[in-house]
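Basis for what follows: all heavy atoms, side chains included, without hydrogens, waters or symmetry-related copies.
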Amino acid sequence: MDTPENQDEISQDDLYEHHGFMASKGQEPLRVDKFLMNFIENATRNKIQQAAKKGHIWVNGTIVKQNYKVKAGDEVKVMFEHPPYEFLLTPEDIPLDIVYEDDVLLVVNKPAGMVVHPGHGNYSGTLINALVYHFENLPNNSSDRPGLVHRIDKDTSGLLVIAKTESAMTHLAKQFFDKSSEREYVALVWGNVEEGEGTVEGHIARNPKNRLQMMVFPDGDEGKEAVTHYKVLERFGYVTLISCKLETGRTHQIRVHMKFIGHTLFNDERYGGDKILKGTTFTKYKQFVENAFKILPRQALHAKTLGFKHPVTGEFMRFNSELPQDMVNCIEKWRGYSKHHES
């Protein structure tokens, strides 16, 4: 541990905390720069090492070098000289695919690749950057995100409802909390899902060894309750097309629940679905799968159906969106492969 060269120039009062983590009980000794690489999405090792050189990494309240070994129970903080960018919302003229709009809400169809709200490594080009350009005075949710009632992952496509008034935000957020909203997704998963339909239950929390992943705690001793109902739509041998209805809305819920029952989402890089998890060892098959990955360069997940009661009229509204072309093309490829091998 040491004091950095420029510590006199920048006092701790002039810095802003961007990230704080507690090392879990099972944490093996690990260099702090490597530890933070596991914890901070889109962070480069160079950026973390620069923070260390400037004395902007603290462990248990003391400045450390980049080679400090993090141990179980250590409290690690990273500080920077500017406020977190996620609070500096810049309106951006990004087109929105608006499925429905009235005075109190709108429903948008988010493309894959668009981040919902600004965060580490994604400070522009997000759905919220677009929303604050197109709409004035959107109400903030409990996390100070304008208009956002719920969210979906960057590489998941599909429907989101946005609140335009405070009362709509309150009303819609309560429906999601009370599990009275309707959310149905379509996913392509690895393996032959044998049961025609089923339910996955298991509390979800962050993976203590990799903060970028969530994981299931089946005993319910950690995390939050999560329930996913699935139904088989079509089988292609080594992969299966399914529909998933969410009873709860946890981070990465479908991705984590399906991995938990042995059916990781196709090409879900974060959870290992970008590897060949089922099938033969033939070179031709390997080439086929790699081509399918190129056609669909993301996890195979689309938020297809969204239903809720209108905050003013009380009418139940249900919206559907078509599967995006990348998923359609990938499904067609697997359908052709399946038919060819059956014959």
> Looking at residues at least two apart in the chain, or sitting in another chain, which of them share a ring pair (Phe, Tyr, Trp, His ring centres under 6.0 Å) with His150?
Replying inline: Phe176

> What pairs with Asp219 under side-chain hydrogen bond (donor to acceptor under 3.5 Å, both in side chains), at least two apart in sequence or on another chain?
Replying inline: none

> Should Lys309 and Glu315 count as an ion pair when the cut-off is N to O under 4.0 Å?
Replying inline: no

> Tell me the ring pair (Phe, Tyr, Trp, His ring centres under 6.0 Å) pairs involving residues 275-300, sequence neighbours left out?
Replying inline: Tyr238-Tyr285, Phe266-Phe293, Tyr285-Tyr337, Phe288-Trp334, Phe288-Tyr337

> Which residues, ordered by chain and number, are linked to Tyr133 in its hydrophobic cluster, where ILVMFWY side chains connect at heavy-atom gaps below 4.5 Å, directly or through other members?
Replying inline: none

> Considering residues at least two apart in sequence or located in another chain, which fulfil the side-chain hydrogen bond (donor to acceptor under 3.5 Å, both in side chains) criterion with Ser181?
Replying inline: none

> Given a cutoff of under 4.5 Å between side-chain heavy atoms of I, L, V, M, F, W and Y, with clusters grown through shared members, what are the other residues clustered with Phe316?
Replying inline: none

> Taking only residues two or more places apart in sequence, or in another chain, which ones meet His252 in a ring pair (Phe, Tyr, Trp, His ring centres under 6.0 Å)?
Replying inline: Tyr271

> Taking ILVMFWY side chains as joined if any heavy atoms are under 4.5 angstrom apart, and letting links pass through other members, which residues group with Met22?
Replying inline: none

>> Evaluate Glu136 against Lys164 for salt bridge (charged side-chain N to carboxylate O under 4.0 Å, His left out), listing each step before the verdict.
In response: CA-CA 9 Å; Glu136 292 182 0; Lys164 293 167 75 173; over 6 Å; no

>> If we ignore hydrogens and angles and just use 3.5 Å, is the side chain of Asp153 paired with the main-chain N or O of Thr156 as donor and acceptor?
In response: no

>> Test of understanding: with side-chain hydrogen bond (donor to acceptor under 3.5 Å, both in side chains), list the residues that count as partners of Tyr100, not counting sequence neighbours.
In response: Asp102

>> So, using ring pair (Phe, Tyr, Trp, His ring centres under 6.0 Å) as the criterion, who are the partners of Phe35 when residues are at least two apart?
In response: Phe39

> How does the hydrophobic cluster around Phe177 look, that is, which other residues are in it when side-chain heavy atoms under 4.5 Å mark a link?
Replying inline: none

> Partners of Asn140 by side-chain hydrogen bond (donor to acceptor under 3.5 Å, both in side chains), sequence neighbours excluded?
Replying inline: none

